[in-house]
Number of protein chains: 2
Amino acid sequence: MSETTGARERRPRTDAQRNRTHILDVAERHFSEHGITGSLDAIAKRAGVGAGTLYRHFPNRDALLAALLRARDEDLMTRRDEIRREEADSAAALAQWLDALGRWATAFDGLPEPLRAALTEDSSPLALTCQGYVTDTDEFLRAAQRDGGARPEVRGRDLFLGVLATAWVRGAAMADESSARALTAMMRSGWAGPARIARTVSDAPHRPDQT
Amino acid sequence: MSETTGARERRPRTDAQRNRTHILDVAERHFSEHGITGSLDAIAKRAGVGAGTLYRHFPNRDALLAALLRARDEDLMTRRDEIRREEADSAAALAQWLDALGRWATAFDGLPEPLRAALTEDSSPLALTCQGYVTDTDEFLRAAQRDGGARPEVRGRDLFLGVLATAWVRGAAMADESSARALTAMMRSGWAGPARIARTVSDAPHRPDQT
DNA sequence: GACCATACGGAGACAGTCTCCGCTTTGCAA
DNA sequence: TTGCAAAGCGGAGACTGTCTCCGTATGGTC
């Protein structure tokens, strides 16, 4: 009676489990070396399984990525709790969380792209992960806002996207590191400290009123 | 002897010219509708020419994009001069220039990607264009910095990449408009006004071994 | 040991990029 | 005009990558 309630999940066959984890191992290496656009069939070949096997386990690239990121989720959650525990200054905590997120989003070359896409098409297997981190960001942010360490008009989603954008700028193989740092710094002045809303050109009347 | 000096350029045949401009017309429409990843062969077909013809005129996607952007270059330069002429406040001028750049970088869905890539691989046909705009940005920026309207540590390249990153966030079909605005605003507080350098987490004395 | 659900492999359909080469068109010169 | 070389054209097809389908193998269970 392995099958109790109606929609019970059956434990997969052992060869299936073995294949799955092996594919993940290989994919991790392959994506690290070739970026997330590396060929899936190549991964299958390298893992010594047929293409069908790969696609049965992971119907598309995003699914595979999501599985790989799930493995890193634990690390990131650990880091999150660590920051919460050890950083008393809520603004500094937010900064550190964003930094951790930034490193997470740079795990593979090209990763920011599907992550951003997942943020607007919630059918993606990555969507849930992203949404979760947006929520976490929001928590850090709200704490900082309560303490007057972050501007009230900023949203967690904005910061998350900002982090992705910065990771995106870094591009392949840490190309534009210095500009990425500059962007992070600029972004920080954008959220840090309680201040009035900075105005955008498109918001402002054409005559900027001399701040 | 039509050939005078060694490396003389021969005026292309009339059918070639006709094809070239027609391909550009079609490509403009096709990229507008399908984003820059739209199939090149489809463009050829839609233009009623063979694939060979398309690839002879534009050896790859970037070359085609570069040609399309060259057509818009004139508009952007006009805008630039207009801003220079009509905006006395140098910081506001910079903001308006960045806004214009942002609209330029959103001409087609997905455009920011090759633009950013061109900034690090200068073999790309887009590289020259980008470099030019970085220079323009630098000029606006330096004027603002002289007037104390922009922080001294910021570079034109950083701002250009920031604009690209914001355009990238907007994603396909203006998806994340509000976040894009938020980012622009944050970025603005990053460059505007002379202030001390904001610190990044990674700059900070971050003891990796257990902060 | 038999049975069958589960999983496997890989051939191949499909789509996109890009090249190659035989044929056509253009423009110049006689 | 006519002839002809250079310039340009078209599209078949090589190549690469994604993803499906189905005949075959295998693990787990009774």
Side-chain angles (χ1 to χ4, degrees), chain A residues 1-4 6-24 26-27 30-31 33-67 109-110 113-114 117 123-125, chain B residues 1-4 6-24 26-27 30-31 33-67 109-110 113-114 117 123-125:
Chain A
M1 70 129 201
S2 38
E3 191 151 353
T4 49
R8 186 100 229 121
E9 283 288 309
R10 206 187 215 73
R11 185 203 335 60
R13 253 165 57 174
T14 56
D15 53 347
Q17 288 179 267
R18 188 161 20 95
N19 276 329
R20 194 191 139 88
T21 60
H22 186 223
I23 288 171
L24 284 175
V26 171
H30 199 80
F31 284 155
E33 293 166 12
H34 302 94
I36 62 151
T37 54
S39 151
L40 296 188
D41 274 28
I43 292 175
K45 194 150 289 176
R46 202 168 155 182
V49 303
T53 300
L54 190 153
Y55 285 96
R56 190 167 334 98
H57 285 286
F58 310 101
N60 54 49
R61 193 178 298 274
D62 278 6
L64 184 49
L65 280 173
D109 282 355
E113 189 67 58
S123 64
S124 163
Chain B
M1 182 106 350
S2 40
E3 191 154 350
T4 49
R8 184 105 230 116
E9 282 289 308
R10 207 190 216 71
R11 179 177 17 45
R13 254 164 57 171
T14 55
D15 54 346
Q17 287 178 267
R18 188 163 19 98
N19 276 329
R20 193 190 139 88
T21 59
H22 186 223
I23 289 171
L24 283 175
V26 171
H30 198 79
F31 284 154
E33 293 166 12
H34 302 95
I36 62 152
T37 55
S39 149
L40 296 187
D41 274 27
I43 291 176
K45 194 150 289 176
R46 202 168 155 182
V49 302
T53 300
L54 190 154
Y55 284 98
R56 192 169 332 98
H57 284 287
F58 310 102
N60 52 51
R61 193 178 298 273
D62 278 6
L64 184 49
L65 281 174
D109 281 355
E113 188 69 57
S123 64
S124 164

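Note that the structure is predicted; figures quoted are calculated from it, not measured. Just so we're on the same page: letters track the sequence lines, and every chain starts at 1.
Contact annotation: A:H57 reaches the phosphate of C:dC8 (side-chain N/O to OP1 or OP2, under 4.0 Å). A sub-4.0 Å separation between OP1 or OP2 of D:dT18 and a side-chain N or O of A:R61 is present. The phosphate of D:dT16 (OP1 or OP2) has no side-chain N or O of A:S39 nearer than 4.0 angstrom. Put simply, B:T53 has a side-chain N or O that comes within less than 4.0 Å of OP1 or OP2 on D:dG10. A close approach under 4.0 Å does not occur between any side-chain nitrogen or oxygen of B:N60 and OP1 or OP2 of C:dT17.
Two residues, A:A16 and B:Y55, neighbour DNA chain C, and the one matched to the more 5' nucleotide by heavy-atom proximity is A:A16. Nucleotides of DNA chain D nearest to A:L40 and A:R56 differ in position, and the one nearer the 5' end is that of A:L40.
One atom, NE2 of A:H22, and another, C1' of C:dC8, lie 15 Å apart when rounded to the nearest Å. As a whole-Å value, the separation of A:R18 CZ from D:dT26 C1' is 10 Å. A:H30 places its NE2 atom 11 Å from the C1' atom of D:dG17, with the value rounded to the nearest Å. At whole-Å resolution of the value, CZ in B:R11 and C1' in D:dG8 are 15 Å apart. Distance CG (A:L54) to P (D:dT20): 12 Å, rounded to an integer number of Å. For the pair B:H34 NE2 and C:dG16 C1', the computed distance is 14 Å after rounding to whole Å. One can place CG of B:D15 at 5 Å from P of D:dC9, the figure rounded to the nearest angstrom. What separates CD of B:Q17 from P of D:dA7 is a distance of 15 Å, to the nearest Å.
Distances were taken from every side-chain heavy atom of A:T14 (C-beta onward) to each of D:dC19, D:dG28, C:dA7; the shortest belongs to D:dG28. Side-chain proximity of B:V49 to D:dG27, D:dG10, C:dC18: nearest is D:dG10. Checking D:dC19, C:dT26, D:dG17 against every side-chain atom of B:R13, the shortest atom distance belongs to C:dT26.
For a distance-only test at 3.5 Å, the side chain of B:D41 qualifies as a donor-acceptor partner of the base of C:dC18.
Looking at A:D41 and A:K45, their side chains never come closer than 4.5 Å, going by heavy atoms from C-beta outward. Contact annotation: the side chain of A:N60 never approaches that of A:Y55 to less than 4.5 Å [non-hydrogen atoms, C-beta and beyond].
When all heavy atoms of B:G50 and B:A44 are compared, the closest pair comes out as O-CB, 4.0 Å.
Among the protein residues, A:A51 comes within range of the nucleic acid bases, having at least one heavy atom under 4.0 Å from a base atom.
Checking each of B:L65, B:D62, B:L64 against B:P125 for a side-chain contact (heavy atoms from CB on, under 4.5 Å) leaves exactly one that passes, namely B:D62.
Side-chain atoms of B:R61 come within 3.5 Å of backbone N or O of B:I36 as a donor-acceptor pair.
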